[in-house]
Amino acid sequence: MAVRKMTEGVSGWNNKTPFPKDRYTIYCLSEEFAPSQGGNPMLKREWEIVAPEQVQIGDRNVSVGGLKIVQYVVTKVKDQETETWDQVKSDKAFGRFRDDLVTMGYDKEDIDDENPPCFAQGKTVEAIVYAKEDVARKSPTPEQLRKGQKQSDPIKDESGKDIKTYQLQIES
C-alpha cells in the first residue's frame, strides 16, 4: 500500500473556490454574433485558460488549465423605452469592443457596430482573469416564477451562511 500525505496532489478548481486574480494566457475557442436578449448587437466568446496549468491557492496546487470563460461583448445599446440607439451607452460599448480588437491585432479602419466582425476565434492572448463572487441560489418556486422573480432564495450552509460561488471573468 502506498501512503501519501493529504497535502500532496493537484486539486481541480470549481466554482465554490475563490480564484486568484492574475495574468493568464487564454485561447478563443469560439466566437459568434447574435443579438442580446435586449436586442443589442453582441458577440459571445468562449475562452480557455492555456497557461499556467496550475496555480497556488493557499497551501494547495490547483489545476486551472482548460477552464472555460464565457465573455459577452455588446457593441451598441438600445434605449429600452424609445427603441432608438442610446448614443452615450453605445459609444462606451463600442469603445470597449474597439479596444479589445486593437489589442488582438485588428488593423482595419472601419467596423459595422450592428454586425461586428468575429475576429477573436483562434487567437491566443494575455488577459487579467478573476472570479466574480455570487451566492448559490435555489431554483425558483412556482410562486416566484408567477411573480416574475429571476432570482430565488440563497442556499445556506449548515451554519446559516450564504454559500458563495465564483464565476470566471475577463477584466482586461
Side-chain angles (χ1 to χ4, degrees), residues 1-38 40-75 92-93 95-106 116-141 144-145 149-172:
M1 173 166 60
V3 178
R4 295 186 71 177
K5 297 204 178 288
M6 292 295 287
T7 55
E8 293 179 340
V10 177
S11 299
W13 184 83
N14 66 58
N15 71 345
K16 302 292 186 277
T17 307
F19 187 85
K21 180 178 179 178
D22 206 343
R23 191 183 83 223
Y24 295 84
T25 303
I26 60 175
Y27 174 79
C28 188
L29 296 168
S30 66
E31 180 178 37
E32 59 187 40
F33 171 75
S36 69
Q37 289 180 344
N40 300 319
M42 181 181 74
L43 292 168
K44 177 183 175 185
R45 297 174 179 154
E46 183 178 26
W47 297 90
E48 178 180 44
I49 295 176
V50 294
E53 285 284 323
Q54 297 176 19
V55 296
Q56 187 86 22
I57 300 177
D59 61 347
R60 298 182 316 153
N61 283 325
V62 178
S63 173
V64 296
L67 291 177
K68 308 286 190 291
I69 306 162
V70 176
Q71 179 189 37
Y72 298 95
V73 182
V74 174
T75 60
K92 288 178 183 177
R96 286 189 297 270
F97 173 63
R98 178 208 54 227
D99 292 348
D100 278 356
L101 286 180
V102 170
T103 300
M104 288 186 277
Y106 191 84
C118 291
F119 184 75
Q121 186 166 344
K123 301 262 187 244
T124 300
V125 300
E126 297 289 315
I128 305 299
V129 178
Y130 72 101
K132 180 179 174 185
E133 185 178 300
D134 200 358
V135 175
R137 297 190 176 276
K138 298 176 185 179
S139 297
T141 65
Q144 289 170 326
L145 290 172
Q149 287 180 301
K150 293 184 179 182
Q151 289 191 336
S152 187
D153 300 327
I155 299 173
K156 308 279 185 185
D157 65 14
E158 64 278 351
S159 62
K161 294 180 183 174
D162 291 349
I163 294 178
K164 295 178 182 178
T165 61
Y166 300 90
Q167 181 180 3
L168 296 180
Q169 302 285 312
I170 297 171
E171 179 176 286
S172 61

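Just so it is clear, the model here is predicted, and its values are computed rather than measured. For the single chain, residues carry numbers from 1 onward in sequence order.
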Return a table of donor-acceptor pairs under 3.5 angstrom between the side chains of residues 119-130 and protein atoms on other chains or two or more places apart.
| residue | atom | partner | partner atom | Å |
| --- | --- | --- | --- | --- |
| Q121 | OE1 | E31 | N | 3.4 |
| E126 | OE1 | R23 | NE | 2.8 |
| E126 | OE2 | T25 | OG1 | 2.6 |

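Partners of V10 according to the side-chain contact (heavy atoms from CB on, under 4.5 Å) rule, which considers only residues two or more places apart in sequence or in another chain, are Q54, N61, S63. A search for side-chain contact (heavy atoms from CB on, under 4.5 Å) contacts involving D59 returns nothing, not counting sequence neighbours. Residues satisfying the salt bridge (charged side-chain N to carboxylate O under 4.0 Å, His left out) criterion with E48, sequence neighbours excluded, are K68. Scored by the salt bridge (charged side-chain N to carboxylate O under 4.0 Å, His left out) test, E158 finds no partners at all (sequence neighbours excluded). Under the rule for a side-chain hydrogen bond (donor to acceptor under 3.5 Å, both in side chains), the partners of K156 that lie at least two apart in sequence or sit in another chain are D162.
Annotation: the span from L67 atom CG to I49 atom CD1 amounts to 5.0 Å, rounded to 0.5 Å. Y166 contributes atom OH, which lies 10.5 Å from atom NZ of K16 (distance to the nearest 0.5 angstrom). To the nearest 0.5 Å, atom CG of residue N15 and atom CG of residue D134 are 10.0 Å apart. The distance from atom OG1 of T165 to atom CD1 of I155, rounded to the nearest 0.5 Å, is 9.0 Å. Remark: Q71 CD to L43 CG distance equals 9.0 Å, nearest 0.5 Å. Rounded to the nearest 0.5 Å, atoms CD (Q151) and NZ (K138) are 14.0 Å apart.
The minimum heavy-atom distance between P117 and Y106, with the atom names listed, is CG-OH, 3.8 Å. Taking every heavy atom of both residues into account, S139 and S152 meet most closely at O-OG, 3.4 Å. Residue V64 comes nearest to P52 through the heavy atom pair CG2-O, 3.3 Å, listed as atom of the first residue, atom of the second, then distance. Among all heavy-atom pairs drawn from F97 and R45, the shortest one is CE1-NH2, 3.7 Å.
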